Amino acid sequence: MTDFKPKSDFLKTLIERGYIHQCSDYEGLDALAAKGEVTAYVGYDCTARSLHVGSLISIMMLSWLQKTGNKPIALMGGGTTRVGDPSGRDETRRILTIEDINANKEGIQGVFDKIIQFGPGKSDAVMVDNAEWLTTLNYIEMLRDVGRHFSVNRMMSMDSVRMRLEREQELSFIEFNYMILQAYDFTELSRRYGCNLQMGGSDQWGNIVNGIDLGRRMGTQQLYALTCPLLTTASGAKMGKTASGAVWLNADMLTAYDYWQFWRNTEDADVGKFLKLFTFLPMEEIRRLEALAGAEINEAKKVLATEATALMHGRTAAEAAAETARTTFSGGTATALPSVEVTKGELEAGLGVLAAFVKAGLVPSNGEARRQVQSGGLRVNDAVVTDPAQILKPADAINDGAIKLSFGKKKHVLLRPA
RNA sequence: GGGGGAAUGUCCCGAGCGGCAAAGGGGGCGGACUGUAAAUCCGCUGGCUACGCCUUCGCAGGUUCGAGUCCUGCUUCCCCCA
């Protein structure tokens with residue numbers, strides 16, 4: 001890969017921006033991409049109501065694919081999610097109900113058209129659900145047509161399976177079948193849409209390559225595999241977690257402000273990498289930003305945060321988030337901070353600080369609030385709380401009629417009497 | 001079918017002579033230092049109407065003043081033999 005010189009804009013961009021972990025055949029894929037003849041898919045499991053940043057990298061790849069004149073397919077795993085992918089998992093996934101899966105699918109679909117064009121045109125994207133063909137399969141036919149091409153010996157040696165076996169962890173038969181279904185998806189998409197490339201995270205390599213093999217045996221055109229690195233931060237932590245949980249892409253699961261903050265808090269060493277992967281800024285601009293040294297790199301982080309947020313939440317929301325952050329972190333109180341309502345009566349009766357922080361959702365329990373008071377982590381209107389028995393009263397509402405509660409340096413909520 | 005072992009704080013790993021809210025890590029959170037970074041150092045890491053009360057060690061019973069610890073049965077997982 002180091003000495004490979006791509007001719008296609010697609011591979012040129014992906015390589016330059018660091019999207020590629022492995023590819024089954026650079027030359028072959030490059031030739032197709034140069035002619036705009038790549039139709040690629042990425043599959044998304046419907047295991048939650050929203051995708052999170054971990055999936056964003058592959059959505060970006062689909063977008064670049066389209067920008068460089070090829071056709072993306074977003075595959076909803078409405079069928080495969082009923083089975084559960086064992087890759088990279090220690091334990092069997094909880095089996096989701098069909099209603100849950102459908103609801104999750106609804107939630108997930110929305111993010112794609114933010115950066116990908118859908119429609120009937122040649123390089124317009126298509127969205128399909130593998131439930132369409134998987135749920136109507138007939139077991140015996142499936143075994144005869146597809147199952148005979150799979151060697152159990154080889155399946156047992158696949159990472160996802162082997163790891164479970166070596167660590168003596170349960171691997172149920174249903175999960176064992178996941179790779180067969182995913183391989184079958186690839187061939188089915190090849191037949192239906194002329195799909196010839198599957199992309200995904202590096203943990204999907206085995207599954208994708210199985211699809212290529214199956215395609216060859218079942219007589220599809222030549223298929224290709226392309227994987228991206230799994231995201232970790234420079235200090236090795238798995239990316240995508242914040243204080244409050246996963247970094248969701250959907251606005252109703254994570255506000256634009258919190259999403260902006262997630263990117264703003266990127267480690268220095270990751271700024272360049274993330275600008276390349278998660279924004280569409282031109283490379284010259286990125287090179288300039290990542291060259292900033294010392295505290296200056298904070299400028300690059302703000303650009304990253306705003307650009308990345310603009311992609312998922314829109315430019316307006318991104319800039320509002322940037323502005324809210326600016327006032328908040330320069331010592332002021334932005335009125336656009338997340339807010340929680342309390343009734344006037346509650347305040348007049350006197351609301352305990354501990355309860356107030358729990359109510360604001362900043363801490364999970366009274367006890368936790370109490371502990372945080374001990375270590376000086378709670379503030380009311382920017383004043384450190386020292387007395388756990390402190391009572392909040394209407395007179396404390398000073399900022400735009402609200403009380404500002406802060407947990408640590410980064411988490412703020414406005415308590416609004418209503 | 002026979003024999004042996006395991007299950008611990010609902011994030012994970014993991015100690016635990018009958019006095020245990022339960023050692024030690026990891027992770028997470030807060031504080032200090034910085035730049036809303038990293039590294040480092042310090043503190044915290046069951047719940048509550050809080051110098052007390054309540055609920056926790058696979059499940060259900062029992063012995064005991066007192067059980068994570070002992071006994072009985074059950075469930076699940078692993079290993080060996082058939």
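Since the structure is predicted, the reported quantities are computational estimates derived from the model, not experimental observations. When reading the values below, keep in mind they use all heavy atoms of this one structure, side chains included, and skip hydrogens, waters and symmetry mates. Each chain gets a letter, A, B and so on, in the order its sequence line appears, and its residues count up from 1.
Separating the CD1 atom of A:I297 from the C1' atom of B:A38 is a distance of 11 Å, rounded to the nearest angstrom. Put simply, CZ on A:R370 is 18 Å from C1' on B:C29, counting in whole angstrom units. Between A:R379 atom CZ and B:G31 atom C1' there is a gap of 11 Å when expressed in whole angstrom units. With rounding to whole Å, A:N265 atom CG is found 11 Å from B:G30 atom P. Distance, A:E368 CD to B:G28 P: 15 Å, rounded to whole Å. In this structure, the CZ atom of A:F407 is 6 Å from the C1' atom of B:C29, given to the nearest Å. A:K301 places its NZ atom 11 Å from the C1' atom of B:U34, with the value rounded to the nearest Å. The nearest whole Å value for the distance from the CG atom in A:L304 to the P atom in B:G35 is 21 Å.
B:A22 and B:U8 have their C1' atoms separated by 9 Å, with the value rounded to a whole Å. When the C1' atom is compared between B:C13 and B:G4, the two are found 25 Å apart, to the nearest whole Å. B:G27 and B:U10: their C1' atoms are spaced 16 Å apart (whole Å). Nucleotides B:G25 and B:G14 place their C1' atoms 8 Å apart, quoted to the nearest Å. Comparing B:C12 with B:G46, their P atoms sit 14 Å apart, to the nearest whole Å. Rounded to whole Å, the C1' atom of B:C41 lies 28 Å from the corresponding atom of B:A21. Between B:U45 and B:U34, the two C1' atoms lie 25 Å apart (nearest whole Å). For the P atoms, the distance from B:A32 to B:A38 is 15 Å, rounded to whole Å.
Taking side-chain N and O atoms only, A:K411 has a distance below 4.0 Å to OP1 or OP2 of B:G30.
Within the 4.0 angstrom heavy-atom criterion, base atoms lie near A:Q261. Across all strands, A:T328 comes closer than 4.0 Å to no nucleic acid atom at all (heavy-atom distances). Nucleic acid contact class of A:R371 (heavy atoms, under 4.0 Å, all strands): sugar-phosphate only.
Residues A:L354 and A:R264 each lie close to RNA chain B; by heavy-atom proximity, the contact nearer the 5' end of the strand is made by A:R264. Both A:A322 and A:N366 lie close to RNA chain B; mapped to their nearest nucleotides by heavy-atom distance, the more 5′-ward contact belongs to A:A322.
For the side chain to side chain contact (heavy atoms under 4.5 Å, CB included) criterion with A:D30, the lone passing option out of A:D25, A:V38, A:I15, A:L11 is A:L11.
Of the candidates B:C48, B:A37, B:C29, B:C48 carries the atom nearest the A:S365 side chain, counting heavy atoms from C-beta on. The listed nucleotides are B:G30, B:U36, B:G35; the one nearest the side chain of A:N298 is B:G35. In this structure, the nucleotide among B:U36, B:G35, B:G30 sitting nearest to the side chain of A:A295 is B:G35. The nucleotide whose nearest atom lies closest to any side-chain atom of A:K409 is, among B:G30, B:C48, B:G31, B:G31.
Within 3.5 Å, a donor on the side chain of A:D268 pairs with an acceptor on the base of B:G35, or the reverse.
In A:K114, the NZ atom is crowded: over 12 heavy atoms of neighbouring residues, nucleotides or ligands sit closer than 6.0 Å.
Considering every non-hydrogen atom in both A:L362 and A:V413, the closest pair reads CD2-CG2, 3.7 Å.
Both tests do not hold together for A:K5 against A:Y26: distance to the six-membered ring centre under 6.0 Å, angle to the ring axis within 45°.
A syn orientation is assigned to B:C51, its glycosidic angle lying within 90° of 0. Annotated as syn: B:C20, whose O4'-C1'-N torsion sits within 90° of 0.
In a base pair of the Watson-Crick type (N1 to N3 plus N6-O4 or O6-N4) or a G-U wobble (N1-O2 and O6-N3), with each distance short of 3.5 Å, B:C44 is matched with B:G28. B:A6 is paired with B:U76 under the criterion used here, namely a Watson-Crick or G-U wobble arrangement in which both key atom distances are under 3.5 Å. Using Watson-Crick or G-U wobble geometry with both donor-acceptor distances under 3.5 Å, B:A39 finds no partner in any strand shown. In this entry B:C70 has B:G62 as its Watson-Crick or G-U wobble partner, both defining distances falling under 3.5 Å.
Looking at A:E341 and A:K359, no side-chain N of the basic residue comes within less than 4.0 Å of a carboxylate O on the acidic one, giving no salt bridge. At a threshold of 4.0 Å, the pair A:D124-A:K71 does not count as salt-bridged, since none of the basic side-chain nitrogens sits closer than that to a carboxylate oxygen.
For the atom pair CD of A:Q261 and NZ of A:K410, the computed distance is 8.0 Å after rounding to the nearest 0.5 Å.
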